[in-house]
Amino acid sequence: MNASDTVLAVERLEVEIPLASGLLHPVRGISFSVRRGETVCIVGESGCGKTLAALAIMGLLPSRARRNAERLEFAGMDLLRARERQMADVRG
C-alpha cells in the first residue's frame with residue numbers, strides 16, 4: 001500500500017478547553033492513520049479523550065473547545081481548512 005491508500009491521517013491532534021482555572025488539555029498529541037480496508041480501534045479508560053478526539057476530527061467539538069493538529073486529512077481533504085459545507089458532506 002502507498003500513501004494514496006490512506007483514508008484518514010491524524011498527526012499531533014490536540015484539544016484545548018478554556019476554563020476559569022486555565023486550559024484543560026483532554027487530548028494531547030494523538031497521531032494515527034487509517035488505510036483503505038483497514039480497521040482501527042481506539043481504546044482507553046473512561047474519560048481519557050477518545051470521544052473528544054473523534055469529535056475534533058469531525059469538527060463537532062463544543063463551542064469553547066479548540067482543536068489543533070499538524071495534519072488532519074480525510075480522503076485527501078484537509079479537515080483543518082475545510083468549510084462547514086464540506087464538513088457536512090464528509091459527515092454524511
Side-chain angles (χ1 to χ4, degrees):
M1 290 193 172
N2 58 45
S4 65
D5 292 325
T6 300
V7 177
L8 178 63
V10 177
E11 291 181 16
R12 303 227 6 101
L13 175 64
E14 297 183 354
V15 175
E16 298 176 339
I17 303 172
L19 303 173
S21 60
L23 279 178
L24 176 66
H25 299 274
V27 177
R28 289 187 189 194
I30 293 176
S31 299
F32 64 93
S33 63
V34 181
R35 296 186 297 186
R36 189 174 323 282
E38 187 175 46
T39 301
V40 173
C41 297
I42 298 176
V43 298
E45 296 177 11
S46 177
C48 73
K50 301 178 302 288
T51 298
L52 278 176
L55 291 172
I57 292 167
M58 297 303 293
L60 295 173
L61 287 171
S63 61
R64 296 184 63 212
R66 295 182 301 245
R67 75 174 178 191
N68 298 303
E70 287 182 17
R71 180 177 176 209
L72 195 53
E73 191 174 287
F74 175 74
M77 178 189 298
D78 183 348
L79 299 180
L80 295 170
R81 291 174 179 71
R83 294 188 173 130
E84 182 54 36
R85 179 65 196 146
Q86 291 172 301
M87 288 304 299
D89 289 343
V90 168
R91 294 179 200 124

Discussion item. Quick check: closest heavy atoms across M77 and A82, and the distance to 0.1 Å?
Written reply: SD-CB, 4.0 Å
Response to the item:
Between A69 and L80 the two heavy atoms that sit nearest each other are O-CD1, 3.5 Å
Discussion item. For residues V40 and L79: do they belong to one hydrophobic cluster (side chain heavy atoms under 4.5 Å, members Ile, Leu, Val, Met, Phe, Trp, Tyr)?
Written reply: yes
Worksheet item: Within a reach of under 6.0 Å around CD of E84, are more than 12 heavy atoms found that belong to other residues, nucleotides or ligands?
Response: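 For E84, atom CD is crowded (more than 12 foreign heavy atoms under 6.0 Å).
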Distance-only, no hydrogens or angles: does the [X] side chain make a donor-acceptor pair with backbone N or O of [Y] under 3.5 Å?
| X | Y | answer |
| --- | --- | --- |
| K50 | I42 | no |
| R91 | M58 | yes |
| R67 | L13 | no |

Are the side chains of [Y] and [X] in contact, using a 4.5 Å heavy-atom criterion?
| X | Y | value |
| --- | --- | --- |
| T6 | R35 | yes |
| L61 | R66 | no |
| L55 | V15 | no |

Working to the nearest 0.5 Å, report the span between [atom1] of [X] and [atom2] of [Y].
| X | Y | atom1 | atom2 | result |
| --- | --- | --- | --- | --- |
| L23 | I17 | CG | CD1 | 9.5 Å |
| R83 | M87 | CZ | CE | 14.0 Å |
| E11 | I30 | CD | CD1 | 13.5 Å |

Discussion item. Under the criterion side-chain contact (heavy atoms from CB on, under 4.5 Å), I'd like the reasoning laid out for L8 against I57: C-alpha separation, chi angles, the key distance, then a yes or no.
Written reply: CA-CA 10 Å; L8 178 63; I57 292 167; 4.1 Å; yes
